[in-house]
Amino acid sequence: MGNLAPASIWLPLTAAGVIVIMRPVRWAAVGLWLLASGQVLAWLALNFVGLYENRAMRAALEREFLILKPGFRGWRLFAGYASEGYSSVLDPHEDLGYLLLTPDGIEFIGDSRRLVIRRNQVLRIFRKPNVHTFVGLGGWVCVEALEAGHPRVHRFEPRQRDSLLGNFLLLGGLKRRLTNWLKRDGPQSR
C-alpha cells in the first residue's frame, strides 16, 4: 500500500502530462501542469502514505520487545533494517524492529531477525543512500562490523515517526548517537 498509493497518483498524471505535451503547442502548458502535479502529489503521497501501517507495526513489535527485554531502560529506536546483500524494489527494509544501544553492543530485535554487534567488532559508522534518498525522504545509517574475519555492513533507517520526511530528519541524530557511543570509551581494540 505504501508504494501503490503514490504510484497510483504519479503514473496517471505523469502519463497524461507526457501525452498532452506531445500534442500541439497550445496544450504544452496543460501538459507541464499535469506533469508537475504528478511529481508533487506523488512526493506528498510517498511521504505520508509510504509508511502505511507503520504505527500499528511499531505497537505490535513494542509489545514483543517488552516481553523480550522487560525493564529495559537504555536507548532504543524503532528502525528498518537491511543486511549487506538485501535489496528490493518494493521496500528497502528487510525487517522492522528496535535498534538498541547497550554499553558493550548494538542490538537489533526485529520481527524476523535478531542481531548483536559487539563494540569491539565495529569498524566504522557512515551514511549511505537508499531508494528514498533520491526524492529527499530517506537514507541509511550503516554499521560496518568485523564478523568471522570479514567486514559486513548492517543498514538502519529510523521508522520512529509516521512520515518518511520525519524519519529522514532523524538520520543525522542516529549517526551522531552511534558515533558518540563508539567513541565513548576511547579507541577500541580490533
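In this text the structure is predicted, and so the values were computed from the model without any measurement.
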Residue pair V40, W43: steps toward the side chain to side chain contact (heavy atoms under 4.5 Å, CB included) verdict
CA-CA 5 Å; V40 170; W43 187 91; 5.8 Å; no
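- Taking CD1 of I117 as the start and CZ of R152 as the end, the distance is 12.0 Å to the nearest 0.5 Å.
- Grouping the Ile, Leu, Val, Met, Phe, Trp and Tyr side chains by contacts below 4.5 angstrom, directly or via other members, places L164 with L171.
- Around the CZ atom of R127, the shell of radius 6.0 Å holds more than 12 heavy atoms that belong to other residues, nucleotides or ligands.
- Hydrophobic clustering of Ile, Leu, Val, Met, Phe, Trp and Tyr side chains at less than 4.5 Å, counting indirect connections, unites L182 with L174.
- Partners of R176 according to the salt bridge (Lys or Arg N to Asp or Glu O under 4.0 Å) rule, which considers only residues two or more places apart in sequence or in another chain, do not exist here.
- Here T179 pairs with I125, K175, K183 under the side-chain contact (heavy atoms from CB on, under 4.5 Å) rule; sequence neighbours left out.
- Residues L165 and G136 come closest through the heavy atom pair CD1-O, 4.2 Å.
- Here salt bridge (charged side-chain N to carboxylate O under 4.0 Å, His left out) pairs that include residues 39-54, with residues two or more places apart or in two chains, number zero.
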Under 3.5 Å donor-acceptor pairs involving side-chain atoms of residues 58-67, not counting sequence neighbours:
from: R58; atom 1: NH1; to: Q160; atom 2: O; distance (Å): 2.7
from: R58; atom 1: NH1; to: D162; atom 2: OD1; distance (Å): 3.4
from: E62; atom 1: OE2; to: R76; atom 2: NH2; distance (Å): 2.9

Would you give me the side-chain donor-acceptor pairs under 3.5 Å for residues 138-149, sequence neighbours excluded?
from: E144; atom 1: OE1; to: R124; atom 2: NE; distance (Å): 2.5
from: E147; atom 1: OE2; to: H154; atom 2: NE2; distance (Å): 2.6

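- Side-chain atoms of R113 never come within 3.5 Å of backbone atoms of F108 as a donor-acceptor pair (strictly under, hydrogens ignored).
- F126 belongs to a hydrophobic cluster whose remaining members, ordered by chain and number, are V153; membership requires side-chain heavy atoms of ILVMFWY residues under 4.5 Å apart, directly or through intermediates.
- Taking CG from L169 and CG from L137, the interatomic distance works out to 9.5 Å, rounded to the nearest 0.5 Å.
- With rounding to the nearest 0.5 Å, the separation of CG in N130 from CZ in R155 is 8.5 Å.
- Taking 4.5 Å as the limit, some side-chain heavy atom of V122 sits within range of a side-chain heavy atom of W181.
- For N54 (side chain) and R159 (main-chain N/O), a donor-acceptor pair under 3.5 Å exists by modelled atom type.
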Does the side chain to side chain contact (heavy atoms under 4.5 Å, CB included) test come out yes or no for D111 and D95, once each step is laid out?
CA-CA 6 Å; D111 184 43; D95 197 4; 3.3 Å; yes
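- In this structure, CG in L115 is found 5.0 Å from OH in Y81, a value given to the nearest 0.5 Å.
- Among residues two or more places apart in sequence or in another chain, the salt bridge (Lys or Arg N to Asp or Glu O under 4.0 Å) test is passed with K69 by E107.
- Separation of atoms CG (L100) and CD1 (I109) is listed at 4.5 Å; rounding is to 0.5 Å.
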Show your working on side chain to side chain contact (heavy atoms under 4.5 Å, CB included) between Y98 and L68 and close with a plain yes or no.
CA-CA 11 Å; Y98 281 95; L68 292 172; over 6 Å; no
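- W75 contributes no side-chain N or O that, together with a main-chain N or O of L99, makes up a donor-acceptor pair within less than 3.5 Å.
- Shown here are the side-chain contact (heavy atoms from CB on, under 4.5 Å) partners of W33, two or more places apart in sequence or in another chain: S37.
- Between the R119 side chain and the P103 main chain, a donor and an acceptor come within less than 3.5 Å of each other.
- With rounding to the nearest 0.5 Å, the separation of CG in L77 from CZ in F156 is 10.5 Å.
- The heavy-atom pair separating A82 from P92 by the smallest distance is CB-O, 3.6 Å.
- Nearest heavy-atom pair, F134 versus P129, reported as atom, atom and distance to 0.1 Å: CZ-CB, 4.5 Å.
- Residues meeting the salt bridge (Lys or Arg N to Asp or Glu O under 4.0 Å) test with R118, sequence neighbours left out: D104.
- I106 is listed as a side-chain neighbour of L101, based on a closest heavy-atom distance under 4.5 Å.
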